[in-house]
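Data block below; observations after.
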Amino acid sequence: MKVYEIFSSVQGEGVDVGLVASFVRFAGCPLKCRYCDTQEARIGGTEFSHEEIIGELKNLGLSYVVVTGGEPLSQDGLPDFLFKLSSETWVKRIFVETSGFFYKADIFVKKVFVNISPKPPSMGMDFPLESLENFIVNFPDRVQVKFLILSEEDLIWILKIVRKYENYFSKKGIIFQPIGIPEKPYSESVKRAIDLVMREKTILFRFNVRVIPQIHKLVGIK
Ligand code: SF4
């Protein structure tokens, strides 16, 4: 598999923000999101065997593993890799970070939870909603959605999804993650996202709503 980097840090985003974990960032992504924040990992990478990756992760000495990219679900060997990784006794839980463009049921081996960041209109992509539906309908307890947001148009798009899958979001809550814009302070994006969300009083009233910034961008870590 093509690996961009393996390292330890804290989870910088989503409901598990702050969790100390080992990370494997796979290289490669066929998509071209406008504000991609991992451009460097979209191409290239170094070929590693499954055993080599698992060995490096084990050496980091932590029991939670985050599998990210790039787009890890564009890697052919991912289900097999996750099966081998989940069979390791030192691994407690595996979190896969994905855009949600590509639905794959066979990644849901034991210990695997999937964090999906659907790409809203400001990312310039035509996001396949049927893929998101497959994830949340087939694996509701193993999937967490975090909505990237930058603009009013994004918010309208997100609210349509929330209304369509109201039962799911009533249970899981709604997470908004501000999109960073290159050359601009991330704090501006965070304030804009909070302003947008706070206008939607009907949503705030009915759901458990959180705006969670990417802390690694705020503090300047991986
Ligand atoms: S899916 Fe992720 S890695 Fe791929 S282009 Fe979009 S933001 Fe970048």
Side-chain angles (χ1 to χ4, degrees), residues 1-7 9 11-17 21 23-48 53 65-79 81-82 94-105 107 112-136 143-151 153-155 157-158 161 175-184 186 188-190 192-193 211-218 220-222:
M1 298 177 82
K2 292 277 189 192
V3 173
Y4 180 77
E5 58 184 345
I6 296 172
F7 58 99
S9 187
Q11 172 60 289
E13 59 191 51
V15 280
D16 294 306
V17 68
F23 291 72
V24 51
R25 185 184 304 286
F26 287 111
C29 176
L31 308 174
K32 289 184 180 153
C33 301
R34 185 175 294 133
Y35 299 113
C36 174
D37 59 356
T38 49
Q39 288 284 359
E40 66 285 359
R42 285 191 51 241
I43 51 171
T46 306
E47 192 68 37
F48 276 63
I53 300 168
V65 179
V66 179
V67 175
T68 187
E71 173 47 85
L73 269 66
S74 67
Q75 301 265 338
D76 284 341
L78 189 70
F81 167 72
L82 291 174
I94 303 165
F95 300 96
V96 177
E97 299 283 335
T98 177
S99 65
F101 256 78
F102 311 106
Y103 173 69
K104 287 189 179 173
I107 62 169
V112 166
F113 291 79
V114 176
N115 295 323
I116 301 176
S117 311
K119 306 304 178 194
S122 65
M123 292 295 253
M125 303 297 296
D126 190 12
F127 185 83
L129 287 179
E130 61 280 8
S131 178
L132 180 66
E133 177 167 314
N134 278 328
F135 278 111
I136 64 180
V143 163
Q144 181 73 55
V145 178
K146 52 181 188 278
F147 288 109
L148 307 185
I149 184 167
L150 181 67
S151 66
E153 191 187 7
D154 292 348
L155 182 61
W157 183 80
I158 292 164
I161 298 173
I175 296 173
F176 291 97
Q177 179 174 297
I179 295 173
I181 302 177
E183 317 300 335
K184 292 206 172 168
Y186 186 54
E188 279 183 18
S189 293
V190 177
R192 186 185 311 111
V211 179
I212 306 180
Q214 292 173 290
I215 62 160
H216 51 288
K217 284 189 185 158
L218 288 172
I221 56 169
K222 269 189 193 176

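As the structure is a prediction and not an experimental result, all values here were calculated from the model. As the structure lists them, so they are numbered: ligands from 1, and atoms in each ligand from 1.
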Handout entry: Nearest protein heavy atom with distance in Å, relative to atom 4 (Fe) of ligand 1
Key = Cys29 SG, 2.3 Å

Exercise for the section: Please identify which atoms of ligand 1 are closer than 4.0 Å to at least one heavy atom of Leu31. Expected result: 1 (S), 5 (S)

Exercise for the section: Check whether any N, O or S atom of Cys36 sits under 2.8 Å from atom 8 (Fe) of ligand 1. Expected result: yes

Handout entry: Full working for side chain to side chain contact (heavy atoms under 4.5 Å, CB included) between Val24 and Phe26
Key = CA-CA 6 Å; Val24 51; Phe26 287 111; 4.1 Å; yes

Practice task
Give the residue, atom name and distance (to 0.1 Å) of the protein heavy atom nearest atom 6 (Fe) of ligand 1.
Solution key: Cys33 SG, 2.3 Å

Handout entry: Sidechain N-carboxylate O distance under 4.0 Å for Arg25, Glu40
Key = no

Practice task
Inspect the surroundings of NZ in Lys222 and state if more than 12 heavy atoms from other residues, nucleotides or ligands are less than 6.0 Å away.
Solution key: yes

Exercise for the section: Check the side chains of Asn115 and Glu97 for a donor-acceptor pair under 3.5 angstrom, ignoring hydrogens and angles. Expected result: yes

Completion exercise
Counting heavy atoms under 4.0 Å, the part of Arg42 that contacts ligand 1 is side chain

Fill in the blank from the handout: So the atoms of ligand 1 within less than 4.0 Å of a heavy atom of Thr38 turn out to be 3 (S)

Practice task
Look at atom CD1 of Ile43 and say whether more than 12 heavy atoms of other residues, nucleotides or ligands are closer to it than 6.0 Å.
Solution key: no

Exercise for the section: Answer yes or no for Gly69: is there a heavy-atom contact with ligand 1 below 4.0 Å? Expected result: no

Practice task
For the pair Phe101 and Met125, evaluate side chain to side chain contact (heavy atoms under 4.5 Å, CB included) and give the outcome as yes or no after the intermediate values.
Solution key: CA-CA 10 Å; Phe101 256 78; Met125 303 297 296; 3.9 Å; yes

